[in-house]
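Sequence lines set the chain letters: A, B, ... in the order given, protein chains first and strands last, and positions in each chain run from 1. Quick caveat: nothing in here was measured; it's all calculated off a predicted structure. What you see below is based on every heavy atom in this structure, not just the backbone, and it leaves out hydrogens, waters and symmetry mates.
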Amino acid sequence: MSGLPGFLIDDRLHFPSCPSQGGQRFLVEMAAPLTLLLVLAVTIRAALFRSSLAELIAERVEVVSPITAWKRVVEGLALLDLGVSPYSGDVFHETPLIIYLFHFVVDYAEITFMLADVITAVALYMAVKDYNKQVFRKQKFALEADRYPLDCLELIRSPKEMYYIPLKVAMFYLLNPFTILSCVAKSTCGLNNAVVALFIFSTIKGNTLLSAIFLCLATYQSIYPLTLCAPAMLYLMQRQYIPVNFRRASFWWFIAQYLFMYLGSLFVLICLSFFLLGSWDYMPSVYGFILSVPDLTPNIGLFWYFFAEMFEHFRLFFLCVFQINVFFYTIPLSVKLKEHPVFLIFMQLAVISIFKSYPTVGDIALYMAFLPVWSHLYRFLRNTFLVSCVLLACSTLFPVLWHLWIYAGSANSNFYYAITLLFNVAQILLVSDYFYAFLRREHHLTYGLYLKRKDGSEATLVLK
Amino acid sequence: QEFSCQIWGIFFLKKTFKGNLRNYWNFLPEGFINTQLFTRFLSRISQDSAGQFFSSGHTNNWAVLVCTSRFWFNYRHVANTLSVYRSVKRLGIPDSHIVLMLADDMACNHRNPKPATVFSHKNMELNVYGDDVEVDYRGYEVTVENFLRVLTGRLPPSTPRSKRLLSDDRSNILIYLTGHGGNGFLKFQDSEEISNVELADAFEQMWQKRRYNELLFIIDTCQGASMYERFYSPNLMALASSQVGEDSLSHQPDLAIGVHLMDRYTFYLLEFLEDIHPASKANMNDLFKVCPKSQCVSTPGHRTDLFLRDPGSVLITDFFGSVRKVEITTEAIDLTDPIKEVEERPANGDVHKEMHSYVDQLPVSEIIHQKPKQKDWHPPDGFILGLWTLILLVFFQTYGVKHLRHIF
């Protein structure tokens, strides 16, 4: 039995109430460690910016992709200064809002990216803090309503263990080598992560409009966050006590509201982008590029090798298959996890990072930042050793095999793709492992920790 | 036109007569009687000849002249090449269209008793070096690789134009090689050799890259005929100074200079070419007859099976000279009157527009401005306005309108 600060009275658990949740106090409690963490993160990034590693990292294909490379942003802005549309040719695949942003801050790009990382970390920190409060409150109500079997006391979470989770989340994001590499390479993935983090924060705070707007911004930049609509809607409905029932009018009305806000802001953004350059050039350059994957530069994703060896006849078919694969898991996962939308957000982010057309390590860093939130699942995780070893090994093997392939000439693309495949398999294993652990915990919370068959013998749980 | 009819008529009737053009003049009265009868026939021939002039298919001429041997005792090879160079230049091909490769410098060789000269005839009758020779590849630059690169055009980007063969598919190219050779090879610089297979492949590359219209290949070496045995590309005509198994011999030594001055074949070739002038109608069949066995000791050979036109219809000047396309017009242009300037009078009399002060005549500051004035792109104002309005709207919607009171 872990040391629970609760009292067992009459076979019921009582917990002291949480500290008061003033709206302004959520930062004050852990301001000092968070600030220290931010300072440390900024120092590390600044040191790496000043060193000679910056150019080296900025060219690595695992860190930058054709849609996020800083070199291309600079090229696009230079083209614009010369009077040519940046979308002519295959150089620039960023959205017009990025042009607008960097037109003014291109000299302070390093500060911008560090600021984006800081914003992401702080947004995640506050989001997870709020989420923890919600989780704890729900748990308290469930305990008082006697919904947990008695033998799953070990699974109950306490405020003490949850106290450091937000800080851990911020730490996991800021001090993750993937994030640091992505920031030093000045990959615009950092900006995308910031927008997604702000979306998560506004969703968890319950602000429908802001959530729709940030989701719209994230979708506008790369199409895949569209799948985060479902968990956002589920969470907001849960927060507003709208039951998730197809026959209820309030359900459809909320969905209509959210979609209206989302699609409306998307429409406004697209029209505004038209007015920046006065042409619709950016649509095929940005969205056509993401969806039709013309650039087959190797990266840590699954698309490039497959489409390099594809016959033209089948290209469209397999393109559709691969792209649908990203969006396909939304509905089944939402059906299964409709009570737990934040876990659904985590799963969706992971699916997007693995299956998107041009993934980079910055995308991976975002969903890995969430892992401390589910640290209570550690006792049900089955593959931690394998997954961590494979991820570490693959991360180190990427540059090695790239060097062997491109520079030494003694390997070929199969080697690199093998490591890519292994890396993605490890990520899928990680995600499915957490899924299993989460569902198993929920099952235990409903049916008790020590499962017994009808005749009393011990049973085991199998995920089908 | 009558005149040319007669010339062509006589040529047609007397085509067995070998000799110089001046001998035709002697036969003019004799042929005059027949002209009346054959006028129409001859006029058709002249139209054919005029048509032939324009139907030979080439628009420019190039020459690649290579001497492959070095050392003082190979003086004759340099003299060979220079004599062909001289003829080719005299007949109209400019230096820009000649790639001259000499493997050694005889004119300024320290053993040359008459520096800055290269003689082809003994007793110093003819200095083929002249005073406007342009040697493109000299000394150790004459290698098999450079020769093949010149032919195929695969030169590094830094190569100057004078070292390139910039021919196109309408070029007639003359290639002249001389030096020491054997059965199937030609020796370059005493250290390497080019084989007949390599040469044939190089010509095939030229054909595939459309680098020549017709190509005349002349080689003056021992067993020279072996070098053209392997040709397989179309439109090649080849001449060699000796057959396989024979040696090409040198002509005559000059006792003052101390070396043999020329090879026999090229000596008689030079003599033949000296009688050719740009309007000459001599054709390839005359060239095949240069240096018979009685003069050359070796048997010159030629190969025409790859050549699409009949050699009798190919003029010497198609390869050795340069094409001049002349259009005759009967209009008269008066060049005696001075060109009048058009004077502009401004209507309202402000003269300042026309008068430029000396300083402002040229916009020098714009011309020599180093950095181009870059007009920086700015996002349109409408965009900025729209974007910030939206941001403000969202901000106030989120945080309530009551905050507005605190701001104002």
Step through the shown structure and confirm whether more than 12 heavy atoms of other residues, nucleotides or ligands are within 6.0 Å of [atom1] on [X].
X: A:Y108; atom1: OH; result: no
X: A:W280; atom1: CH2; result: yes
X: A:F275; atom1: CZ; result: no
X: B:R230; atom1: CZ; result: no
X: B:K209; atom1: NZ; result: yes
X: B:R154; atom1: CZ; result: no

Side chain, backbone, both or neither: which part of [X] has an atom under 4.5 Å from a heavy atom of chain B?
X: A:F104; result: side chain
X: A:I213; result: side chain
X: A:L276; result: both
X: A:L277; result: side chain

#### Entry: Residue-level interface, residues 381-394 of chain B with chain A, non-hydrogen cut-off under 4.5 Å
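So the qualifying residues are B:F383, B:I384, B:G386, B:L387, B:W388, B:L390, B:V394.
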### Query
Which residues satisfy the side-chain hydrogen bond (donor to acceptor under 3.5 Å, both in side chains) test with B:N196, sequence neighbours excluded?
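For B:N196 there are no side-chain hydrogen bond (donor to acceptor under 3.5 Å, both in side chains) partners, ignoring immediate neighbours.
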